2 protein chains.
Amino acid sequence: MGKAKRIELSASLEDYIEAIFNLVHESKVARSKEIAQRLNVSRSSVTGALRLLKDKGLANYEPYGYVTLTDTGRLAAAEIVKKHNILKSFFEKVLGVESSLAQDAACRAEHALGTEIIARLLAYIRFVSANNKNGYHLADEFRRFCENPPPEPAGPRN
Amino acid sequence: MGKAKRIELSASLEDYIEAIFNLVHESKVARSKEIAQRLNVSRSSVTGALRLLKDKGLANYEPYGYVTLTDTGRLAAAEIVKKHNILKSFFEKVLGVESSLAQDAACRAEHALGTEIIARLLAYIRFVSANNKNGYHLADEFRRFCENPPPEPAGPRN
DNA sequence: TTGCAAAGTTAGGTGCGGCTAACTATATTA
DNA sequence: TAATATAGTTAGCCGCACCTAACTTTGCAA
């Protein structure tokens, strides 16, 4: 109970549903053309994807109409967005990666990592920021470590 | 100089090249059937992939013959394997994820993350194990944090 | 050596995810 | 309201990555 049945989504359909979710949160409604622009695909590809999402019960879509997500779709989208945000935060705040690269990597990795790993990453972000509050700044510590790493344990090039 | 031109490989071909690399390191030579077993694909799919890898100059392949990698192929494979190992280590040693899940996640994520992020992850692993040598055990610290996390900053469910 | 099982290939098919070009519907505006 | 620009769809195509079934090659045992 409380556990809705998971719908298997391809990486591509995850991208579409995520784009729709974001567009709806920006302008109440998603238009086909905007989705195409976000994802850098043709308008006709969007039409095809929308039909699939409708078939799976994830998107409210009628030809020539605006697009929104169903409750199930919103749930699925929220999960993907959550993964995305956690990954981006992790890359930025923990690893100190530059923002746009973090964004980019998050986009690609969000389809590959399951909930367990994502949960751990979130925990790690919290762990690091908790550590930031006392005198010991873990993130800074790592930055310093990167700038001046201890010598390698010898051996040939790796 | 020193910088060989990168060959773009699909996730699927990366899997094949990685499997061949590992098989060669286990038994000097890779056979089509073994590759198929490792990757859970049919023998005919392997034939197709081998032709592609040969075309790209990555595998030494003649019909009905054994399979090895070219120098370029070995280089490409080594990079993928490196990504795999770093990811697996990170999931296990830093995040404390169970070994087989770490292995699994590494398989999927290795195709999605670029060298910059991978390098940072490696640095982070080193950072954590360096921290393990003094009295302060970062990995243990995180484990404890996971078992007994501080209360959330209030607010509605997230 | 023949003769058969196992390994490998070929032929042909599927689904996905993308594309362009041409068409249709909708919106705008003169 | 009629003309046109823009948005969306359809038709038809391509490449990738897989599959099964049937065929060929190879290697091993009788």
Side-chain angles (χ1 to χ4, degrees), chain A residues 6-20 23-24 26-69 73 76-77 80 107-108 110-112, chain B residues 6-20 23-24 26-69 73 76-77 80 107-108 110-112:
Chain A
R6 287 205 172 283
I7 293 169
E8 267 314 319
L9 283 179
S10 64
S12 164
L13 286 188
E14 285 190 0
D15 283 338
Y16 281 103
I17 214 175
E18 187 181 9
I20 296 167
L23 283 166
V24 168
E26 287 163 25
S27 23
K28 294 283 163 236
V29 109
R31 291 203 319 254
S32 193
K33 195 202 178 190
E34 298 171 314
I35 301 171
Q37 284 169 341
R38 290 266 168 135
L39 300 180
N40 261 293
V41 296
S42 72
R43 283 167 301 154
S44 67
S45 299
V46 175
T47 303
L50 289 176
R51 254 199 300 258
L52 290 178
L53 291 177
K54 186 205 171 91
D55 287 352
K56 290 174 187 291
L58 300 171
N60 299 121
Y61 161 70
E62 290 308 323
Y64 297 102
Y66 290 137
V67 184
T68 55
L69 296 176
I80 298 161
C107 274
R108 279 176 284 111
E110 71 195 16
H111 309 298
Chain B
R6 287 207 172 281
I7 294 171
E8 266 315 317
L9 283 180
S10 64
S12 165
L13 286 188
E14 285 190 0
D15 283 337
Y16 282 102
I17 214 175
E18 188 181 8
I20 295 167
L23 283 167
V24 168
E26 287 164 24
S27 23
K28 294 286 164 236
V29 108
R31 291 205 317 256
S32 193
K33 196 204 177 187
E34 298 171 315
I35 301 171
Q37 284 169 342
R38 291 265 168 137
L39 300 181
N40 260 294
V41 296
S42 71
R43 283 167 299 154
S44 68
S45 299
V46 175
T47 303
L50 289 176
R51 253 197 303 256
L52 290 178
L53 290 178
K54 186 204 171 92
D55 287 352
K56 290 174 188 289
L58 300 172
N60 298 120
Y61 162 68
E62 291 308 324
Y64 298 100
Y66 289 137
V67 183
T68 55
L69 295 176
I80 298 161
C107 274
R108 279 177 284 110
E110 71 195 16
H111 309 298

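Here the structure is a predicted model, which is why all the values come from computation and not from measurement. So that the names make sense, note that chain A is the first sequence line, chain B the second, and so on, each numbered from 1.
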K.L.:
Check whether any side-chain heavy atom of B/E18 lies under 4.5 Å from a side-chain heavy atom of B/L39, and answer yes or no.
P.N.:
no
K.L.:
To the nearest angstrom, how far is A/L39 atom CG from C/dC16 atom P?
P.N.:
18 Å
K.L.:
Rounded to whole angstroms, how far apart are CG on A/L9 and C1' on C/dC16?
P.N.:
14 Å
K.L.:
Given atom CG of B/D55 and atom P of D/dC16, what is their separation to the nearest angstrom?
P.N.:
11 Å
K.L.:
In terms of side-chain heavy atoms, does B/S10 have a donor or acceptor partner in B/S12 at a distance below 3.5 Å?
P.N.:
no
K.L.:
Categorize B/T47 for me: base, sugar-phosphate, or nothing, with a 4.0 angstrom heavy-atom threshold over every strand shown.
P.N.:
base
K.L.:
Supply the atom-to-atom distance A/L50 CG to A/N60 CG, rounded to the nearest 0.5 angstrom.
P.N.:
11.0 Å
K.L.:
Specify the separation, in whole Å, of atom CD of B/E14 and atom P of D/dC16.
P.N.:
15 Å
K.L.:
Rounded to the nearest Å, what distance is computed from the CZ atom of residue B/R31 to the C1' atom of nucleotide C/dA6?
P.N.:
10 Å
K.L.:
For the pair made of CG in B/L50 and C1' in C/dT9, what is the distance, rounded to whole Å?
P.N.:
11 Å
K.L.:
Working to the nearest 0.5 Å, report the span between CD of B/E62 and NZ of B/K54.
P.N.:
3.5 Å
K.L.:
What string of B, S and - do you get for nucleotides 17-29 of chain D, 5' to 3', when a contact is any protein heavy atom under 4.0 Å?
P.N.:
SSBB---BS----
K.L.:
Quick one: pull up CG in A/L23 and OG in A/S32 and give me the separation to the nearest 0.5 Å.
P.N.:
10.5 Å
K.L.:
Roughly how many Å is it from CD1 in B/I35 to C1' in C/dG8, rounded to a whole number?
P.N.:
11 Å
K.L.:
Could you give the distance from CD1 (A/I35) to CZ (A/R43), rounded to the nearest 0.5 Å?
P.N.:
13.0 Å
